[in-house]
Amino acid sequence: MEYQFDFGPVFARWPELVQGTFLTIWLSLAATAIGLPIAAVLAATRSYGPRPLRWLVGTYVELIRNTPFLIQLYFVFFAMPGLGIRLSANGAAILAMVVNLVAYAVEIVRAGLEAIPRGQIEAGRALGLGPIRILRHIVLGQALRIVYPALASQFVLQLLGSSLVSAIAAEELTAVANNIMIVTFRNFEVFGVITVIYLGLSLAFRALLGGIHHRAFRWTG
Amino acid sequence: MTSPRRTLFALGAALLLALPFHAQAQAPEDIVKAGKILIAIDTTVPPYGSLDTQMQPTGMDVELGQLVGKALGVPVEFVTVTSPGRIPALLTKRVDLVISIFSITAERALQVDFSNPYGGQSTVLLAPKGRKIAGPKDLVGLKVGATRGAIEDVVLTEMVKNNPGINYLRFDDGPSCVQAMLSGQIDAMGGGDYGEIYLRKSSTGDEFEQKFVLRPNYFGIGMRKGNPALLHWVNTLLFTLKNDGTLDRLSMKYRNKPIGDLPPF
């Protein structure tokens with residue numbers, strides 16, 4: 001017996017694949033839009049904040065970075081209803097992705113903050129700027145420029161990692177692929193198609209984010 | 001400069017090797033010659049397959065698998081699979097047989113061969129006692145869950161299409177679906193008419209009960225197509241196990257009910 005590839009039944013379900021792809025993109029964008037500002041604040045806290053707060057952020061970062069995303073996902077979806085918080089599958093997926101992304105992004109942004117020479121901050125202070133204005137006008141812009149490629153990478157990782165949320169019944173691309181498989185049993189074809197879609201998404205977002213990088217940070221040379 | 005290209009080449013070669021082609025017919029003697037039999041089981045579906053306190057596989061499917069090995073005179077190597085992973089495990093030759101509450105359907109039989117049934121179990125709709133559900137119409141507006149790829153998924157997918165308004169959620173494995181039921185993330189679920197859910201209480205304190213039958217199922221032993229000798233041998237073994245009362249004994253031991261009718265095809 002030789003395996004006969006047949007992509008027909010898979011392509012016939014393209015509306016579902018498109019829907020799944022959009023949900024994958026949407027989950028990642030939403031999680032990033034919510035998570036990045038939080039990460040920036042927490043990174044500043046971990047770098048410059050009072051010691052107890054630094055310690056608190058550090059604990060959160062280590063807790064999340066040293067446990068599997070799937071477990072965090074299960075916790076949000078299955079355990080939180082016990083505390084009276086009931087989220088939809090997509091809501092739980094976004095919350096878990098935010099919690100996960102922030103932990104990694106804090107460390108990335110912090111690396112950028114620590115890279116700013118102390119002399120610049122002292123110069124700002126000498127000019128009479130408060131800590132918030134020093135952060136805003138001197139530190140944050142430069143820090144973001146330094147860590148932008150790492151953040152872009154993290155976004156793509158997050159996009160690919162979102163394939164796990166099918167476990168809690170969020171119907172993103174991987175879930176749709178699994179649904180198509182159980183009806184068509186064309187597993188290899190489905191895996192082939194979604195591999196190409198994920199690859200295309202990753203490359204497209206890398207190119208897009210690279211383009212933004214080029215434009216947004218041109219002023220700094 | 002050559003290193004990325006070499007990596008790509010290695011990747012391509014690995015992909016090609018991983019693809020299943022030129023599968024040769026497999027007879028029982030070939031398995032005897034290989035010195036072991038690889039059997040796919042699911043260890044998340046008690047009482048058919050689960051892990052005991054020593055983390056060893058146990059259950060009705062597992063014991064049947066051991067009987068297959070015993071009849072061939074070779075040791076059994078159990079390979080754990082999930083419900084949607086059963087057909088791929090066969091097609092990629094990771095296993096010789098699937099014995100894992102593998103319900104016989106015509107759609108699946110396009111990809112793999114089934115033996116005659118060795119057991120049966122209805123797929124039903126489960127919900128807390130307090131919820132009034134008599135038929136599919138009563139599910140409209142509720143959250144209904146099922147395990148992706150299982151029979152209940154196939155039946156419920158059709159039901160959802162015919163009854164718009166059912167909020168349908170698919171989970172990747174049985175325990176996740178049961179957990180969603182227990183934590184109140186879903187209002188009803190499709191599943192077998194067995195299992196620990198009957199021993200548990202819902203988030204509202206209710207016990208669970210069967211609301212209606214989705215489909216009666218028969219479990220067969222699955223194998224790759226094009227192995228007539230192996231298929232015939234497995235059917236012969238099941239014939240003897242049925243007639244000497246072994247299957248009935250297994251059913252009583254694990255499910256506490258007789259094996260019931262097993263119509264061959």
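Heavy-atom basis, side chains included; hydrogens, waters and symmetry copies ignored. Order of the sequence lines fixes the chain letters, A, B, ..., with proteins taken first and strands second; residue numbering starts at 1 for each chain. Because the structure is a prediction, the values reported are computed rather than measured.
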Visitor: Give me the contact list for residues 6-14 of chain A versus chain B, heavy atoms only, anything under 4.5 Å, ordered by residue number.
Guide: none
Visitor: Could you list which of residues 161-170 of chain A have a heavy atom closer than 4.5 Å to any heavy atom of chain B, in residue-number order?
Guide: A:Ser166, A:Ala167, A:Ile168, A:Ala169
Visitor: Is there a side chain to side chain contact (heavy atoms under 4.5 Å, CB included) between B:Arg148 and A:Met181 once you walk through the steps?
Guide: CA-CA 10 Å; B:Arg148 203 190 302 279; A:Met181 271 187 262; over 6 Å; no
Visitor: Flag yes if more than 12 heavy atoms outside A:Gln19 fall under 6.0 Å of its CD atom; otherwise flag no.
Guide: no
Visitor: Provide the closest heavy-atom pair for B:Ser183 versus A:Arg86 in the form atom of the first, atom of the second, distance.
Guide: O-NH2, 3.3 Å
Visitor: Taking every heavy-atom pair that is under 4.5 Å apart, which of B:Asp172, B:Asp153, B:Ile186, B:Leu110 has the most such pairs with chain A?
Guide: B:Asp172
Visitor: In chain order, what residues pass the side-chain contact (heavy atoms from CB on, under 4.5 Å) check against A:Leu203, with sequence neighbours excluded?
Guide: A:Leu199
Visitor: Less than 4.5 Å to any heavy atom of chain B: does that hold for the side chain of A:Ala92, its backbone, both, or neither?
Guide: neither
Visitor: Quick one: what part of B:Asn167 sits under 4.5 Å from any heavy atom of chain A, side chain, backbone, both or neither?
Guide: neither
Visitor: Among residues 54-79 of chain A, which residues come closer than 4.5 Å to chain B, judged by heavy atom distances?
Guide: A:Tyr74, A:Phe77, A:Phe78
Visitor: Specify which of A:Asn179, A:Leu87, A:Asn178 makes the most heavy-atom pairs with chain B at under 4.5 Å.
Guide: A:Asn179
